[in-house]
Structures are given as structure tokens and as C-alpha cells.
Amino acid sequence: MSENNGSNGAVRIGVYTCHCGANIAATVDVKAVAEYARSLPNVAVSREYKYMCSDPGQDLIRQDIRDHQLNRVVVASCSPHLHEHTFRTALKVGGLNPFFFHMVNIREQASWVHENKIHATRKAKDLVRAAVRRVARHEALERGRVAIHPDVLVVGGGIAGIHAALTLANAGKHVFLVEREATIGGHMAKFDKTFPTLDCAACILTPKMSAVRAHPNITLWTYAEVTQVDGFVGSYKVTVNRRPRYVDEDLCAGCLDCIEACVYKQAKVPDEFNMNLGKRKPIYVPFPQAVPLVPVIDPETCIQFKSGKCKKTCVDACGERHAINLRAEAKQETIEVGTVILSTGFQTFDAARTPEYGYGVHPNVYTALEVERLVNASGPTNGEVVMRDGKTPGAVGIIHCVGSRDERTNRWCSRVCCMYSLKLAHLIKEHTGAEIFNFYIDMRTPGKGFEEFYQKLLSERVHFVRGRVAEVTDWALQPSEEGKLVIQVEDTLAGFVRRIPVDMVVLATGLEPHADAQEVRRMFNITCAREGFFLERHPKLAPVNTFTDGIFLAGCCQGPKDIPDTVAQAGAAAAEAMALIDAGYVETEPNTAHVMEEVCAGCKTCIPMCPYHAISFMLDIHKSHINEALCKGCGTCVAACPAGAIKQNLFDDDEIFEEIEGILTNA
Amino acid sequence: MNPYGYFPGCSLRATGVAYEESLLTLFRLLDLPLEELRDWNCCGATSYMSIDEESAFQLSARNLALAHKAECRDLLAPCSACYLVLRKTQDYVERYPAIGKRVKESLAAANLPVLDGVRVRHPLEVLYTDVGVERIRSRVVRKWSGGRVACYYGCQIVRPFEEVDRAHNPTRMDELLGAIGAPTVEYPLKTACCGGALTGTMHPIGVRMNYILLKEAVRKGAQAIVTVCPLCQYNLDAYQSEIRGKTSTPVDMPILYFTQVLGWALGADAESLGLKRAISGRKFLEQWFSKETQEAEAYV
Amino acid sequence: MPEDFEPRIVAFFCNWCTYLAADLAGTSRIKYLPNAEVVRVMCSGRIDVQFVLKAFAKGADGVLIGGCHPGDCHYQEGNYKCLRRFRLVQRLLKQMGIEQERLRLEWISAAEGDRVRVVINDMVQTLKRLGPAPKLVEQAADLTEVNA
């Protein structure tokens, strides 16, 4: 059917007011709005219906376009962010150019936020009136297309990034996986066992890490960070800074003789991977299964870097391979990708912010991540739960919700801590036979097998005390508390305050956004939600998309979650990226601007306005020209032009004036 | 400089008179002018607040309104309870419109409609912030020859407002005492409640809370406890003989005000610091604040 | 001024930040006064001085502009340009005898749903205090007189 592009004679508008069940209808008198719309100039049809976005709802529109020769459509319902696309498609199917449509938000911005029905209805009428006036000015438009470069950038090499990269690589896409640390693996590489199956974390993670290393479609850059992002969906130009390891990745064979040979016979530097509970040498690999298995030299602690006077036994040990290059420099790489997946993960809550728990004051107060390293057989104590004072604990207290569900620190629930606290209770008991107390507010065990895991812990005679711990203190009220850490807590189920002496306290610290999350999101032109995690397009229906086309989220950078959900989300992000790549192009919103040459005075005011350098000056005719392929439709040049020579599709001056006048004309 | 408004509160004119004596002496030595708030009334302390909150706010707010009228920007309330009640009144009047309305209505009836613009402050915070540890250190003329002290902050100046010091592990008093050379011990109960009025109303419970504080101080090696609040001082001071009788703890420890200790280091004499009013640990006080040590050479 | 004066506010919200914040206020069911009606633009940089003048000319008592926080503009710097124009139109309005508080610029990010409520409610109170805006009369340009 040839498209009606509205150029034949009178404007005929169809207005549809949606009930959205009771969401709108309970507050806005939709019948009155529809009645009112019927009375407006140029309105040929006005209806109200329960769910405009449903198939029958859309059918109404399609039918009316045919039966009533409509050439403009207004729908008053929810936010255009939700269904503008839906209704535009309905117009298209009905044979009308999709841009003869305007949407009125009478739900998120009226029925859901106003209590007074009279005012809400009056507002709905005003906005419908404004839309009817505006839409009369709409013109037929065509969407542009932008080609999608088939390569993908994945930022962050934890389990989310690894899974997304592998999924895409297996589908034949080329992936750049950029990771800031010297190895991929993220936080998961530090865990001992994972809940609820008590699978060894390294055992399930390392095969995936090796697969990344081996995959021909993945370019892995570790010890590297993204420093600049230009461009837009389909063609992002990204600059990556690869920091110098001082050991050449291509030449290194992974024998690790250099580490053995280091002049430091004993490891002396606090080992970050082991949460500073162990020591490493200035030349080191973070852990034995690191990918890539290439050592890193830390210039802050290496004698050669600090004084220039080292025997460089590492270089000798490397011998003929000559893999160690102490003069290496940072390298900038520039790549072009069509889509980006952000999987930058989280940081754990700093327990020093809850000083009442004594972290950093009492040596035997630990964070959960530190305990993961203690129970881990390849950790600093070879899997023995031995405290800083050398002793094995006879009683351990595990405090839930440290830095979570707390008005003074972080309000949200970090989702994984109840489960990992149960896991640690089990592991510590298994290693030491100690008496274990878990102090919780609620037990949150929603996943598959989680409740059963909790039951198992109950049967293992772990004690559960419901109460938010007030204090961890070393003062002894009675002799049995001497030399112990006393946990003071109100046992809310028993109804009194208890003092429970233990030897070791474990703080279940919550998950937070990375300290530099704001900088990262500005680089990628996305937003963060109030807590600082990256903002998804829709919390229910689009949890991996962002508001910037082509940038997707996976894992805890979008919000705290456990490994199964992270992997699921990573797969989803990979699928979204793949959908774009396989389609080959993305359609752009046709809200671009163009210069009306006959009005342009050649003053050049607009030229420096455009952040995308879409405006150039044509010297031969002394006029400005906008490259519509580069134009993103912000409209800044339109407002800046003193002569009013620039028009913007969909947001033209005349259209907006109609909206303003429509709002203010008294009904 | 503008004088600080001075709100002594009832205790400083009764059992806490040594606090006032030493505070006035210390502030005079540091050239900090104090001007007593004219016609001040009892703040109501914790007692009134527990019985009739609405009237308690009105009573306490009158002092703030008087301060406003006297154009007093900073109102010093040395007693912890006075400090907290005044500060809490300010906070609640602002945050809860219903309370604010009632308070302002009754104040208006007394022709004192406005209570804004007054900062309620505690001398510990004033000495730390407005004078500073370094300046105190530079004014020391007398070396501390007393024992190790446990700095006891009590609860009301650090909870819920943390303007005087942190709620958990506050250290400002320790720092000031460190500046005059007094050795301090680690005292984990530094913000635990002394029992307050319970020594009067539920005596065994109140005394037990004091016993816990004293016992821990002894255990940590302290020979004196230094406080900021007249009720804390009184509680810890007055029942030591009872505690000696009922438990096996031979405690006989001076309980001093921080203003007494600082005043002594800055050169004031024992009389002007109210040291004679102490009940417990008198024999130590005689040694530490004796005429001989009074005449000791200047501390460099 | 009549007891029941309800000020009318025309609000220009940028699509990526403030409009989303207003949507968030909706999904969070945050309640605020109904005096503001929103015109959506892609960027606060799109806001022409004429939009503001047109709004006052057609009877608005107040105009609210909402954009992204400085540094966060979806189109890099559009909000800075909006800020510059805002300063200009503020001075213009002053010369026309329109009180400064009637035009308001706020940076509201997509996560700040509650701020939408705070700003709109506050602006309504301010406008109730000020009363209806002075009437601006739009002169149609009559070019026949110019070339005389």
C-alpha cells in the first residue's frame, strides 16, 4: 500500500485516549478527555480504549486510518519512551508515514503523579489539545540508517565480560576484551567455592578464562584501560591505554622462572589479590591460573625501577627468550567497534565506614573477601583458617548487611551477602569445627537451591541470631569474655540484648559501584542511577540496554547480583549486540536539522555549536551546511541561529510554538 | 572577638560547680570571653523530655529565643544534657513543622518569637576547633605529673549529633590532653552511658553501670577518668565507696573535668579549678595538684 | 490576587535527563502539584529564547527549563549553551518587567525523580506568592511601515 504522506488536502486527526487499565482511568476521566478531543479542530475521530498498546488497540488506529482517511494520529497514554515506537509502527502498518504521530504522556506525568482528578483531567486535556495542534504541523519523514561495524568492545574481564566475549566470539564476531587488572577473572577468581552448589570457583572459571585466551576471535588486552570514546552506535572509535607490564606478552613462555630468580628471596610486598593478607614479590603473577600467564613488574616496589641498581636476576633467568623489557612504555591502541558491552563489575564496601565493627582496629575482624582468601587452598594460609594472631578460631561471628540496607551508608540490599555468609559459615565450620553465629536482619535466599542451602546450614548447627549487630568490642563484662571479641546484638526473636564472645568476626560487606563509575559512564555517554550503578533503559523489560544505542550492560556494574544472574545478563547483552550486528544497520531517529539556504546569512554562528562537527561552511556560496549523517538531533544550532535559518525535523520551531500555545489556550 | 553566650544550666550551679569554676578559669586564661545568658531557665534535661516532650521543647526553646534576642551567635552549654536538649530542640523545631508551630506559638506568647541563628556548642568542641590543639600546646606552663587518664566522653555529646566529636571512638579530648602531656589509655567504654539519672531513680542499676565503667578504666591501666559532663562526673565520683563495699574492686580514682586538667596545665591554681570538691581519689589529687608541683618550672 | 489563583507553568524538559526523571517520578508514584505542563525537547540546548517569550506571551505565569547536569549532557555541551541563553533571556525578561523567579533553570538527572517534585512544588509556591504574570503582548511585525 503506498504510504499516505498527508499532502492531500485537509488535516484529519485521530485521537486515542488510553485507560491503561486503571492506571490512567482511575485518576484521569478518559471519557471526558476523548469527548473534549472530539471537539477540537481537525479531529476526525476520537476514541478511548482500555489498552491502546495491545493488538486490538493498535488495530483501532489501523482501521481508522483506512476508514476515516486519517493523516495524523495522537495517542494519549504512557511515556513516549515506552511506546512511541509501538504506535509509529502501527501507523506504518496502517499505511501512514510513522512520523505523522505524536504521543501525549498522561500516565507517568499525570495520572501517576497527581491526586486531584479534576486537575489531572484538565492537564490531560491541555496536553491533548497541544498535541493536536502540534501534530497538524508534522511532515512525512524517513529514518536514516547507520551501518554497524561488526566488532565489539567488552570492557571488564570478570565473569560477565568473559561470558559475553565468548558468546560473541563463538558467533563469529570479533571481540576486544579490555581488562584493567593484569589478569581476567574479576572478583570470582578470588572466591573459594560458589553457592549453592559449593563448586570450586576457580574450577568453573578457569576453563572459561583459557577459552578466552585461546579464542581466535578475541583480542585480549589486560593491564589496559579505555581512555577515550568518540563516535556513536555503529562506529565507536575507542582509545585504549595498555600499561607496560615490562614483560613482553608475545615472548613470555609462562615459565615464571623470573619470579623465582628475583633478588627478593622472600616475598615482601602486600599482595593485593590476597587482600593484603599475603605477600608477593615486585615481579609477580596475581594467581597461578592468571590469564594471560605473564608476570607483571610493579615499578613502585621493584629495586631496579626505584634505584637503578639491581642485579636483574629476572632478566638472566629469562635467558634467550628476552621477554623482560624494563624500558617498555605504555601503548595507545585505537579501535573501531560498532557496539560496546560494559561489564566493569563492583567494589566491596569499605568496612572502615562502619567503625563500630572494629575493622582495622581489632586484628581478628575480617571482611568476607578476606575470608575467601583464607579458606582458599591457594590463599595466603594454604586454606587454613588462621587469624592474624596465628590462632585458629573456636567461635566465629558473621555479621550480615555491613554497608547494605543501612541509612547511614548504603540503602540497597546487596543481594548476595546472605548466601555467601551461609557459604562462609559452612566453609569455616568445615575447616575449623568452630561454633558459628550468623547475625542477620532477614535471610534472603531466593534463587534456585538457595532455600535448601539455608536448611542445610540449619542442620549443621550454625546459630542464627536475628538482629543488627550494634558493636564489636573487646571489653569484657565478665571473665569468660576476656581476650575475646564480644558481639553485642539485640536478639529480636528472643527479645533481649545478647553479648556473644567470639574469636573471629567476619563482616559481610556489601557491593557498591566502582569509585570511578561516574568517570566511566561519562566516557560512554550513559547515565547512572541514584545509587551510582549504571542505568538500564527499563528495569524490567530492558535490563541490559542503556539509553545510548549500542552500549549494553552486563553484571554488577548495573546492580548487585550473583553469578547465575550475571552470566544470564552477559548472554543477554551479547544477544543484543549480535542483533544489531546481524541486522547490519540501525535506524536513526529522523530528528536531524538542515539549513534553509535562502534564509542563511552566512554569519557562521552555528558552526562551532555542533559537538559532532556536523556543520561546515560552504565558502563558494557563503552558507552553512549540515551533514545529516553526523547530526544527532540535539537542536542546539537551531536555537542558536539568529536568522532562524535552521529547521529541525520533529522539533521545528512552528511545531513547538503550537505545543506551547496549545497548552496555554484556556479551554 | 564576640563573646560566647554562656548557658551554665542548673548542675553547674549545684553539684557540678567545679565544672563552672574550672571552665571560667580556663576560658579566662585563653582570653575567650563568656557572657552568661540573662534570665536563662532550666533546660528540662532528660527528665522532662521523657515525661512531656511538647512542654520540654517549649521550655528549652525559651533559652534559644533569649539567645537570639541577645544577638548571641554561639551558645556554650557545658553540661552534656543541656547541650543535647538545646541542640535537639533546634533540630526538631526545624524538621517537624507541627512541633515547630507549637513551640513558636508559646514563645510568641512570651514575646520571644524567634529562635534561629544560634549555634549551640560544647566547650570541648570550642577548644578543639576555635582554639586548636597547637595553641593549647603552646600555652602549657606546667608539666602533667598526674597518672594515666581515661578520657570519658559519655553519650550525649556524641549521639545523635556528631558535631562535638565522632559517635564511635571520638578522640578530641584525647588529643587535647595529649597536647598538655597527659598520657591517655585506650578506653573502649568511652561513649558508654554512665546511667545518668538512674543512680537516683533505680539505684542498683545505675551504680552497676558506673561500676562497669570504673572497672574497665582500672583494667586498662587508668589512674583517673576525665569527663565532660557534670552528671557523669558525679556518678563516677560519688559511689566509689559503695562499689568498694559491694564488689572486690578496690577503686579509688579521681574523676576530673577536662577543664580542670587543661586549666592546671595552663597555669591556674588548684583553688580556682574547684579541685577541692572531689569525693574520690583525694590522696592522688593531693599529690598531683600539690603546692610543690604548682611551683614547678615552666614546661618547655 | 484571587485566593484560588493557580499558576500555569510551561516546562521544557530535555529528553535524556529531566524528562526521564519526570517519568521516574511517575513510576515511583511520587505526587506533586499539577500546575506544570511539559514540552519535550531532545536537549535543553534546543530551547530558543522565543519559546520562553512565546510562553509568557500566551499566558504562562512561569517557565521551567530542565536539563542535564553540567558535564552530563547527552549531546556533550548543549546544556551549557542553554545556560548562556538562559542568562540572556533573564536579562531580557527583567527589562520587560517580568520577575526573575518566573523563569527557572534546573539541572535534573534521570535518577532524580524526587527532585522534579521538589522543584515544581517550590516553583508553584513562588508563583502563588508573585501572582499572575504581567501580560506580554505579541506584536505582529507589520512590514508595510518599515520601508516608508
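These figures come from a predicted structure and were not determined experimentally. Sequence lines set the chain letters: A, B, ... in the order given, protein chains first and strands last, and positions in each chain run from 1.
- Listed options C/R117, C/K31, C/M42 were ranked by heavy-atom pairs under 4.5 angstrom with chain A; first place goes to C/K31.
- Just one of A/D653, A/N591, A/T636 meets the side-chain contact (heavy atoms from CB on, under 4.5 Å) condition when paired with C/R46; it is A/D653.
- Contact annotation: the side chain of C/D23 approaches that of A/N105 to within less than 4.5 Å [non-hydrogen atoms, C-beta and beyond].
- With chain A as the partner, the residue from C/R85, C/E6, C/E112, C/E77 showing the most heavy-atom pairs under 4.5 Å is C/R85.
- No hydrogens or angles considered: nothing links the side chains of A/N525 and C/Y75 as a donor-acceptor pair under 3.5 Å.
- With a 4.5 Å cut-off on non-hydrogen atoms, A/A120 does not touch chain C at all.
- Put simply, the side chain of C/H74 does not reach to within 4.5 Å of the side chain of A/T527, judged on heavy atoms.
- Note on C/V49, C/V116, C/D48: by heavy-atom pairs under 4.5 Å with chain A, the leading option is C/D48.
- In this structure, chain A has a heavy atom under 4.5 Å from the side chain of C/V10, while its backbone stays farther away.
- A donor-acceptor pair shorter than 3.5 Å cannot be found between the side chains of C/N35 and A/H119.
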*Going through the distances and angles, do A/I656 and C/V41 end up as a side chain to side chain contact (heavy atoms under 4.5 Å, CB included)?*
CA-CA 9 Å; A/I656 298 188; C/V41 289; 4.0 Å; yes
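- Contacts between C/C73 and chain A at a heavy-atom distance below 4.5 Å involve the backbone alone (N, CA, C, O).
- If you measure heavy-atom distances from A/L535 to chain C, the contacts under 4.5 Å come from the side chain alone.
- Of the listed residues A/Q518, A/E108, A/H114, the one with more heavy-atom pairs under 4.5 angstrom with chain C than any other is A/H114.
- Neither the backbone nor the side chain of A/C637 has a heavy atom closer than 4.5 Å to any heavy atom of chain C.
- Between A/I660 and C/F12 there is a side-chain heavy-atom pair separated by less than 4.5 Å.
- Put simply, the side chain of A/W112 does not reach to within 4.5 Å of the side chain of C/S28, judged on heavy atoms.
- Looking at A/R522, the atoms closer than 4.5 Å to chain C (heavy atoms on both sides) all sit in the side chain, from C-beta outward.
- Around CZ of A/R530, the count of heavy atoms belonging to other residues, nucleotides or ligands within 6.0 Å does not exceed 12.
- Contact count against chain C (heavy-atom pairs under 4.5 Å) is highest for A/Q648 among A/E589, A/Q648, A/R107.
- With C/R40 as the partner, the side-chain contact (heavy atoms from CB on, under 4.5 Å) test is satisfied by one option alone out of A/E659, A/M103, A/H81: A/H81.
- Using modelled atom types, one side-chain atom of A/K123 and one backbone atom of C/A36 make a donor-acceptor pair closer than 3.5 Å.
- Highest contact tally toward chain A, considering only C/S44, C/A60, C/C17, is held by C/A60 [criterion: heavy-atom pairs under 4.5 Å].
- Remark: A/H85 NE2 is loosely packed, at most 12 non-hydrogen atoms of other residues, nucleotides or ligands lying under 6.0 Å away.
- Under 4.0 Å is where a charged nitrogen must lie from a carboxylate oxygen, and between A/R129 and C/E37 no such pair does.
- Summarising the geometry of C/C43 relative to A/C634, their closest heavy-atom pair is CB-O, 3.5 Å, with the distance given to 0.1 Å.
- Taking CD1 of A/I526 as the reference point, atom CG of C/D72 lies at 11.5 Å (rounded to 0.5 Å).
- A salt bridge links C/K58 with A/E661: at least one charged nitrogen is closer than 4.0 Å to a carboxylate oxygen.
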